[in-house]
2 protein chains.
Amino acid sequence: MLKYQKIAEQLFSFIKSNNLKQGDCLPSLNKLIQQYGASKTTVLKALDQLERDGFIYQVQGSGTFVRNIPDEHFINFNVSHGWTNDFTKTKMENSDVTVEKTLPTPLVASRLQCAIDTPVYKVQRLKKQDDKIFCLETSYYNANVVPFLNEDIAKASIFHHISDVYQINVGFSDKYFKVRRLTNFESDKLNLPQDSFGLAVHETFYTTAGDIFDFSENVYHHENATFYI
Amino acid sequence: MLKYQKIAEQLFSFIKSNNLKQGDCLPSLNKLIQQYGASKTTVLKALDQLERDGFIYQVQGSGTFVRNIPDEHFINFNVSHGWTNDFTKTKMENSDVTVEKTLPTPLVASRLQCAIDTPVYKVQRLKKQDDKIFCLETSYYNANVVPFLNEDIAKASIFHHISDVYQINVGFSDKYFKVRRLTNFESDKLNLPQDSFGLAVHETFYTTAGDIFDFSENVYHHENATFYI
DNA sequence: GTATATTTGTTCGTATGTATT
DNA sequence: AAATACATACGAACAAATATA
């Protein structure tokens with residue numbers, strides 16, 4: 001692990017273990033430089049990462065301070081994979097898992113930016129948190145990039161699997177969302193009355209090298225799924 | 001304007017004016033260093049900002065590439081003030097503006113982290129985009145931080161006003177959201193049937209110095225409001 | 001397939017600027 | 001007015017990943 005990442009992790013642990021609250025002050029840059037035996041550049045990079053992640057904020061001439069810890073009943077909308085609020089990891093369980101090797105619809109092919117005769121894995125999963133139905137996920141993996149998937153892999157974590165086995169690492173994603181009425185199939189799966197509404201999220205995932213490997217649509221249970229950013 | 005900001009702006013303009021698409025390559029670091037007469041650190045800082053904003057991605061050993069331009073019908077969920085997708089600025093108009101100096105409810109006081117006898121401005125605005133109703137905003141400003149507001153200011157831009165007049169600059173915000181049924185008042189304002197659903201967003205705004213000055217609830221029209229991140 | 005060049009990523013050190021205390 | 005603390009910018013060296021010959 002890199003030096004600035006290690007510093008960022010230790011500072012984060014410091015905040016958690018000392019139970020620091022919004023507005024509490026962190027040690028000054030110079031103290032952190034001494035404390036970690038690092039250069040200013042390196043400590044600043046660690047602080048910048050923590051700031052991007054929403055844990056701290058820096059005020060010129062004043063100091064570095066802790067931000068609010070997000071309410072634990074809400075889920076970080078930025079990490080749709082991993083499902084953690086970074087403070088208390090919430091266990092997300094997959095059920096009703098189906099995996100099918102098939103050909104993409106025109107919409108899916110356009111989102112995966114592949115030809116319509118490119119084989120894709122269609123994966124559907126019902127995600128539950130503490131036995132509460134959280135969302136229905138329908139995702140499509142380009143089989144030319146992700147050579148193999150099955151129910152066992154999908155029941156655990158697809159992203160971890162393809163990272164471990166194929167060294168395919170998630171880089172970034174395009175993410176669109178809106179509120180819409182559920183289809184009968186969706187309301188059935190989510191155990192909601194017909195004509196219920198939910199949050200529908202379309203997300204296209206790219207590898208760190210910029211290649212598309214996954215397009216997903218998640219439909220969230222409007223009562224059980226609440227988010228923060 | 002700072003050097004790295006200027007470089008970031010010019011690179012962004014370069015992408016737009018040359019109509020670059022997803023995957024297109026930007027000049028290498030060394031070329032940018034020569035081109036802008038800046039150090040590696042400074043150019044990197046500009047690139048990091050553009051990467052954070054979702055415009056580019058960097059691949060070690062390979063190069064720097066352009067990301068997808070977001071669909072123009074979707075709005076950047078991260079900038080609830082300003083209302084721009086950074087490529088085509090969409091005009092957002094305020095109507096049905098009311099401003100009232102009052103005392104906070106317990107919920108509002110807790111969100112503003114102020115006493116219940118602290119005066120606050122309650123501002124309500126209906127936001128329209130091309131005459132389509134976009135959302136109903138109800139916001140509360142701590143009057144000890146923002147000394148004065150009226151309908152004229154609220155009809156234009158409150159954030160611009162308090163930045164210009166009081167040097168109060170927005171630093172960051174805590175943002176929570178979920179899908180819920182609208183109240184009768186809300187569905188009436190949004191011109192939707194009763195019992196419609198919408199996206200409800202609670203956002204607490206902090207100044208760059210870390211002081212809370214605004215708590216807002218936005219309720220979005222589920223047909224007219226679509227987002228990206 | 002391998003060596004080499006290219007390109008981004010990390011880390012160090014230093015100087016100067018700017019805002020707050 | 002002075003001290004403190006973060007912000008910007010420069011330069012240099014080395015590391016790591018990728019592209020190319």
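Side chains are part of it too, since the values below use all heavy atoms of this structure and drop only hydrogens, waters and symmetry mates. Chain letters run A, B, ... following the sequence lines, proteins first, then strands; residues in each count from 1.
Taking atom CD1 of residue I33(A) and atom P of nucleotide dT4(D), one finds them 15 Å apart after rounding to whole Å. Y36(B) has its OH atom 18 Å from the P atom of dG11(D), to the nearest Å. Between the CD atom of Q167(A) and the P atom of dT18(D) there is a distance of 11 Å, rounded to whole Å. The nearest whole Å value for the distance from the NZ atom in K3(A) to the P atom in dC14(D) is 16 Å. Rounded to whole Å, atom C1' of dT20(C) lies 13 Å from atom CG of D211(B). Between the C1' atom of dA19(C) and the CD atom of Q58(A) lies a distance of 14 Å, rounded to the nearest Å. If you take OH of Y57(A) and C1' of dA7(D), they are 18 Å apart, rounded to a whole angstrom. Rounded to a whole Å, the CG atom of L29(B) is 7 Å from the P atom of dG9(C).
Ranking dT11(C), dC10(D), dT18(D) by closeness to the T42(A) side chain, first place goes to dT11(C). Checking dT20(C), dC10(D), dT8(D) against the side-chain heavy atoms of S62(A) singles out dT20(C) as nearest.
At a threshold of 4.0 Å, the pair D174(B)-R111(B) does not count as salt-bridged, since none of the basic side-chain nitrogens sits closer than that to a carboxylate oxygen.
At a threshold of 4.0 angstrom between heavy atoms, the contacts of L44(A) include nucleobase atoms, whether or not backbone atoms are also involved. Within 4.0 Å (heavy atoms only), K40(A) reaches at least one base atom of the nucleic acid. Base engagement by T41(B) is indicated by at least one non-hydrogen atom pair under 4.0 Å involving a base atom. Counting any heavy atom pair closer than 4.0 Å across all strands shown, A209(A) reaches no nucleic acid atom.
Across every strand in view, dT4(D) sits in a pair with dA19(C) that passes the Watson-Crick or G-U test at under 3.5 angstrom.
Between Y228(B) and Y176(A), the two ring planes are tilted [angle within 30° to 60°]. The aromatic rings of Y140(B) and F215(B) lie parallel to each other, their planes meeting at an angle below 30°, with 60° marking the opposite boundary. Aromatic ring pairs are classed by plane angle as parallel below 30°, tilted from 30° to 60° and perpendicular above 60°; the pair F213(B) and Y141(B) is tilted.
Residues S39(A) and T64(B) each lie close to DNA chain C; by heavy-atom proximity, the contact nearer the 5' end of the strand is made by T64(B).
Regarding contacts with the backbone of dT11(C), every side-chain N or O of K45(A) stays at 4.0 angstrom or more from both OP1 and OP2.
Around CD1 of I116(B), the count of heavy atoms belonging to other residues, nucleotides or ligands within 6.0 Å does not exceed 12.
For dA5(D), its base never sits under 3.5 Å from the side chain of Q60(A) at any donor and acceptor pair.
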